[in-house]
Participant: 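Sharing a structure below in C-alpha cells format, with a few things to ask.
Values below: all heavy atoms of this structure, side chains included; hydrogens, waters and symmetry mates excluded. Residue numbers start from 1 in every chain, and the chains themselves are labelled A, B, ... in the order their sequence lines are given, proteins ahead of strands.
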Number of protein chains: 2
Amino acid sequence: MERFFQSALTEREGVEQPVSVNPNLIRKKRKDLSVDDYVAGILGGDWMVLSRAITMIESANVAHLQMAQDVIERCLPYAGNSFRVGITGVPGVGKSTFIETFGNMLTEMGHKVAVLAIDPSSERSKGSILGDKTRMETLSVNPKAFIRPSPSGSTLGGVARKTRESIILCEASGYDIIIVETVGVGQSETAVKSMVDFFLLLMLAGAGDELQGIKRGIMEMADALVINKADGDNKRKAIQAQSQYKAALKLFPQPESQWTVPVEVCSALENVAVDKVWEIMTRYETHTKGNGFFERNRTNQLVNIFYNWIQFTLQNNFYNRTFTQQEIERLLPLIRLRKISPYKAATLLIDEVAKTTD
Amino acid sequence: MERFFQSALTEREGVEQPVSVNPNLIRKKRKDLSVDDYVAGILGGDWMVLSRAITMIESANVAHLQMAQDVIERCLPYAGNSFRVGITGVPGVGKSTFIETFGNMLTEMGHKVAVLAIDPSSERSKGSILGDKTRMETLSVNPKAFIRPSPSGSTLGGVARKTRESIILCEASGYDIIIVETVGVGQSETAVKSMVDFFLLLMLAGAGDELQGIKRGIMEMADALVINKADGDNKRKAIQAQSQYKAALKLFPQPESQWTVPVEVCSALENVAVDKVWEIMTRYETHTKGNGFFERNRTNQLVNIFYNWIQFTLQNNFYNRTFTQQEIERLLPLIRLRKISPYKAATLLIDEVAKTTD
C-alpha cells in the first residue's frame, strides 16, 4: 500500500502516462493540515478547508493524493445527501448566466450550492478560478455557494475522477445541491451524466438543422431541455423551438427512469421561468425516488467508481516503480527507431515488471 | 504470458469491465486458419482472409485475441507504407458520398483503398456491414477497395485500439490509402487524429453561429477544411463560407506541421473538385515528409500505441483471473448495499489479487 501513490500521472485518451512533478506546483502550504483537520473543517462547513482538500485531490503530488484518499474515505459516510445536477449546452447558450441566476435562487430558498466544472481541454491554471468567479459575479460572492473551476488534466477520465471525488467532499461539507457544468463540446457529457441525478440540456432557439445531428446523442441523455435566452426578440422563436423539440422528443425511446422529458423556456438574464426549471427537478426527484430509479442510478454510479478506481490504481501501481520508469526509458528509443514494435515492447515491459520487486 | 488473454472485456469510459462471453458471438469458422495462413493470406492480398483477421481483432474470444496479436506482430514489418486519412464532419455533411467518390477516384489512379470507421456509440452487429456497403454502393463492389464498418464496443478506447490494429493488417495487405471515418459527433475525432497522417474536416455551407463553438476544437485538428455539397443553389453559399473559414483559420495558431490549412469547396455528388482534395493531401505529404513532421507524427503514434497497449494488458491481466472475478462478485453486493466504499473495495481487491497467484 505504501507504494500506492508514489508518482504523478497525467492521463491521455484514458491512458495514464508518467510525468515528472513540477516542484513549483507543490506550493508552500499556509499551514499544514492533518487528515483530522481536513475532515473536521469539511464537516464543519469551512469552505477554505474544502477548497484546500479539493486542491489535494487535483494535486499530482504523491503525499497529497494519499492524504486526499484518506479524507474522502472519512467523508463518504456524510456524503450522498444532495441533488446532483449536470448542466450542458453549446458555448454561447448562457450556461454561466443560467447557473448564476439558478444558484442564487436556490440559496435564497435555503440551499447550499456547489458548482463544479468539467472541461478536459482546459489548460487553466489555478489562477483562472478568478475567471470562473468573474463569469458568475454574484454567485461567487454568495456565502452559501461554492464555485470551483474544472480540474486541469488532458483526459476526460482524469478530470472526471477528480470531479467525482470533489462532489463527495462538497456533500460532506453540507452542500445539498451540486451543479456539474460541462463545456458542451460533446466530449464530457457522458462523464457528467455518469455522476449526476439529473441532466439538464440548455438550448438556443433558431439553431440550424445541421446542429441537430450533433445534439441528438446529448438530447437522448437529457432529463430536461431548457431553451434559454427567451428574451426580447428571441421570445417568439424560443416558444416555436419548444414545440419543435417537444415533437422531436416524442420520437425518442422512453428512458429507463420512465420520466417524460419536459421542454421549458426561460430567460436566465431576466430571471424569467428559472424557478420552473427547479420545479421540474423536484418533480423528477419525487418521480425517480418513487419508482426506485434514483437509488438504482446512484448504485450504478458507485459500481462505476469501483471500476474506475481499479483502473487508476492499476496504472498508478505499475508506473510507480523505478524499474518501470527505467525500462520505459530504455524501450522508448527502440520503439522510435522501429527496432521493437510497441505491442511487443509493452508486453515485454509488463512481463519484466511482474517478475521484479523493487 | 499464457494468462494474457484469458477473458473477454468490454470497455466503458476508458475502464475495461469484465463481461461474460456470449457463445453465439463465437461463430463457427468456415475453416480454421493458422497464424501462417492468416499472414500468407493478408500479405497475398486476399481480402477474405484480411476480413477474417479483423474479425479476430474485434473478437471477445480469448484464443482469437492471442492469435490476432501474433498475426499483427508478423504483419507489422509490412505495414506503415500508406497514407492514412481521417475524415470527419457532422451527420448530413455527405461523408459516405464523399468517400465513395474519393475512393473510386483513387482506385482509378491505381491505389488500393481501405475504409475503416470509428463509432463508439455504434451498436451495430456484424449484419450491418451491409448497411455500410449500401452507403457506398459502388465503392463496396470495387475490387481495389476494402470497406469495414466500425468495430462494436462501448468505449472509444476499445474501438480505437481495434481500428489501429486493423490499419496495420490493411497496410500489410497492400492497401496504400487508409481512410478512417468518424461519425462526427465530437467524441472520436481525437482518437482518429491520433492514428492518421492527415485529418480532413468536411463542412456544410450555411451552418449557424451556434455550430462554430462545437467545431472549433475539431477545426483546430484539421489539416484541410472541405465544404461539401457545393452543388445547385448551395454553390454560392459554399464559396462564401470558404472565405469565411479562411478568415477564421487565420486566427488559429500555426500547427506543429507548419502547414497552412487550406479550405476547399467540392461536390462529392457531382464529382466536382474531389480531385483537388487529393491534390491537397499529396501536397501535405510532400510538405510534411520534407520537414520531418510526417515521420515524427508516426513515431508519436507508435509511442501512444505502447501506452495504450500497456493499459489494455494491465486491465486484461487483472480481470483475467478466476480469483479476481470471484472477489468482484463478492464485493459488488457490498458496494451496492453501501457496506464498503467503491474506493476501499477497489484498493482491497487489488491488494488481494497482488498477493494471490491462481
Participant: Given that the side chain runs from C-beta out, which part of I340(B) has a heavy atom under 4.5 Å from chain A: side chain, backbone, both or neither?
Facilitator: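 Interface part for I340(B): neither.
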Participant: So, taking the atom named CD in E73(B) and the one named OH in Y343(A), what distance separates them when rounded to the nearest 0.5 Å?
Facilitator: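 So the gap between those two atoms works out to 9.0 Å.
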Participant: What is the minimum heavy-atom distance between I335(B) and V303(A), and which atoms define it?
Facilitator: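 Answer, listing the atom of I335(B) first, then V303(A): CG2-N, 4.4 Å.
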Participant: Go through the steps to decide whether L349(B) and W309(A) satisfy the test side-chain contact (heavy atoms from CB on, under 4.5 Å), and finish with yes or no.
Facilitator: CA-CA 11 Å; L349(B) 176 65; W309(A) 194 251; over 6 Å; no
Participant: Heavy-atom distance under 4.5 Å between the side chains of L302(B) and R336(A), does that happen here?
Facilitator: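 Counting from C-beta outward, L302(B) and R336(A) never come under 4.5 Å.
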Participant: With side-chain contact (heavy atoms from CB on, under 4.5 Å) as the test, would you mind laying out the steps for I328(A) and Y307(B) before giving the verdict?
Facilitator: CA-CA 10 Å; I328(A) 288 176; Y307(B) 284 111; 3.6 Å; yes
Participant: With a 4.5 angstrom heavy-atom cut-off, is it the side chain or the backbone of L337(A) that approaches chain B, or both, or neither?
Facilitator: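 Nothing of L337(A), per the 4.5 Å heavy-atom cut-off to chain B.
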Participant: Under a 4.5 Å heavy-atom cut-off, does chain B meet the side chain of L334(A), its backbone, both or neither?
Facilitator: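 When you check distances to chain B, no heavy atom of L334(A) falls under 4.5 Å.
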Participant: Among A345(B), S341(B), P342(B), single out the residue with the greatest number of heavy-atom pairs under 4.5 Å to chain A.
Facilitator: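 The residue among A345(B), S341(B), P342(B) with the greatest pair count is P342(B).
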Participant: Which bit of R338(A) comes within less than 4.5 Å of chain B, counting heavy atoms only: side chain, backbone, both or neither?
Facilitator: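 Just the side chain, heavy atoms under 4.5 Å.
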Participant: Please check if atom OH in Y78(A) has more than 12 non-hydrogen atoms from other residues, nucleotides or ligands closer than 6.0 Å.
Facilitator: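 No.
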Participant: Determine the option with the most heavy-atom pairs under 4.5 angstrom with chain B, choosing from L332(A), L76(A), L314(A).
Facilitator: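 Among L332(A), L76(A), L314(A), the one with the most close pairs to chain B is L314(A).
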Participant: With rounding to the nearest 0.5 angstrom, report the CD to OH distance, Q311(B) to Y319(A).
Facilitator: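 Answer for the CD-OH pair, Q311(B) versus Y319(A), is 8.0 Å.
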